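Down below is the structure, laid out as structure tokens.
Residue numbers start at 1 and run along the sequence shown. Worth saying up front: this structure is predicted, and the values here are computed from it rather than measured.
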Amino acid sequence: MTTTPTDPDPTMEAIGHAVTEGRLGNVASARHQLLRLWAAIGVAGDPLHRCTLAHYLADLYEDPAQALAWDIRALDAADTVTEQRVQEHHASLHIAGFYPSLHLNLADNYRRLGTFDTATEHLDAAKEHAPNLPQGPYGDTIRTAIEQVAEAISQRDTTQRVSAPGPTA
């Protein structure tokens with residue numbers, strides 16, 4: 001098994017470029033780039049590409065219903081990604097580490113839509129998968145967000161979290 005790619009992955013590079021553009025405030029352009037890529041990848045394309053793209057595209061929508069649709073696509077794609085495929089992209093990644101963030105995003109979207117029981121189910125899944133998070137800033141960010149979403153659910157708060165990724169964060 002190859003643990004590092006022999007050639008750059010142009011699709012992952014294009015996704016990364018669009019994500020950077022979105023984080024710089026060019027949300028409409030980033031969304032357009034990712035939607036074009038989604039059309040090229042197709043619903044049966046590489047599940048790592050679909051998971052990554054849908055996960056980041058969800059962050060570019062302020063409307064929690066639109067974000068939810070993309071987060072569901074990301075989780076569905078993650079369920080078909082193999083560990084080998086993730087390792088081929090980057091040796092330090094493990095598919096198990098994707099699930100805390102994917103479920104967290106779903107929990108947060110359902111919470112913002114006022115669907116608290118379903119939000120709680122996904123929050124519980126995020127917590128269950130949280131031991132798969134790496135130590136360090138990324139893992140700490142996700143663990144903190146899990147706590148924030150849990151608190152918001154307990155308060156039946158549907159407002160967007162200040163720390164949530166997205167165009168208004």
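Side-chain contact check for T158 versus L113: every heavy-atom pair is 4.5 Å or farther apart. Counting heavy atoms from C-beta outward, F116 and L123 have side chains that stay 4.5 Å or more apart. Counting heavy atoms from C-beta on, the side chains of H17 and E21 come closer than 4.5 Å. Looking at H49 and L37, their side chains never come closer than 4.5 Å, going by heavy atoms from C-beta outward. Residues T80 and R50 form a side-chain contact, since some pair of their non-hydrogen atoms from C-beta on lies under 4.5 Å apart. Two residues are said to be in side-chain contact when any heavy atoms from C-beta on lie closer than 4.5 Å; D9 and E13 fail this criterion. Taking the side chain as every heavy atom from C-beta outward, D108 and R161 approach each other to under 4.5 Å.
The structure places CG of L53 at 4.5 Å from CG of L34, a figure rounded to the nearest 0.5 Å. Once rounded to the nearest 0.5 Å, the distance linking CD of Q160 with CD of E62 reads 7.0 Å. Here I146 contributes atom CD1 and H129 contributes atom NE2; the two are 10.5 Å apart, rounded to the nearest 0.5 Å. Between the NE2 atom of H89 and the CD atom of Q84 there is a distance of 15.0 Å, given to the nearest 0.5 Å. Rounded to the nearest 0.5 angstrom, D63 CG and N109 CG are separated by 9.0 Å. In this structure, CG in N26 is found 13.0 Å from NE2 in H32, a value given to the nearest 0.5 Å.
What you find for A77 and C51 is that their closest heavy atoms are CB-N, 3.5 Å. Across every non-hydrogen atom of R73 and W38, the tightest pair is CD-CZ2, 3.8 Å. The two residues V27 and L60 make their nearest non-hydrogen contact at CG1-O, 3.6 Å. Here the shortest heavy-atom pairing between L133 and G97 reads CD2-O, 4.2 Å. Minimum interatomic distance between R143 and P134 (heavy atoms only, all atoms of both residues): NH2-O, 3.2 Å. Here the shortest heavy-atom pairing between H94 and V86 reads N-CG1, 3.9 Å.
A search for ring pair (Phe, Tyr, Trp, His ring centres under 6.0 Å) contacts involving H122 returns H103, Y110, not counting sequence neighbours.
A continuous path of ILVMFWY side-chain contacts below 4.5 Å connects F98 to L68, so both sit in one hydrophobic cluster. Placement of V19 and Y138 in two distinct hydrophobic clusters is found when ILVMFWY residues are connected by side-chain heavy-atom separations under 4.5 Å, directly or transitively.
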* Report the C-alpha separation of H55 and L102 in whole Å, then their side-chain angles, then the decisive distance to 0.1 Å, and conclude whether the side chain to side chain contact (heavy atoms under 4.5 Å, CB included) test is met. => CA-CA 7 Å; H55 179 67; L102 294 171; 3.5 Å; yes
* Asked: Can you list the steps and then say if R85 with D46 is a salt bridge (charged side-chain N to carboxylate O under 4.0 Å, His left out)?
  -> CA-CA 9 Å; R85 175 62 182 105; D46 182 329; 2.8 Å; yes
* To do: Apply side chain to side chain contact (heavy atoms under 4.5 Å, CB included) to L35 and R31, showing your working.
  => CA-CA 6 Å; L35 288 171; R31 189 182 305 138; 4.0 Å; yes
* To do: With side chain to side chain contact (heavy atoms under 4.5 Å, CB included) as the test, would you mind laying out the steps for L48 and M12 before giving the verdict?
  => CA-CA 9 Å; L48 178 63; M12 292 299 275; 4.2 Å; yes
* Asked: When you look at Y99 and L75, which way does the side chain to side chain contact (heavy atoms under 4.5 Å, CB included) test go after all the steps?
  -> CA-CA 8 Å; Y99 285 96; L75 181 62; 3.6 Å; yes
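In this pair, Y61 and W70 present their aromatic rings parallel. The plane angle is below 30°, not in the 30 to 60° band.
Counting heavy atoms of neighbouring residues, nucleotides and ligands inside a 6.0 Å radius, atom OH of Y56 does not exceed 12 of them.
Checked by atom type, the side-chain pair T144/Q148 shows no donor-acceptor distance below 3.5 Å.
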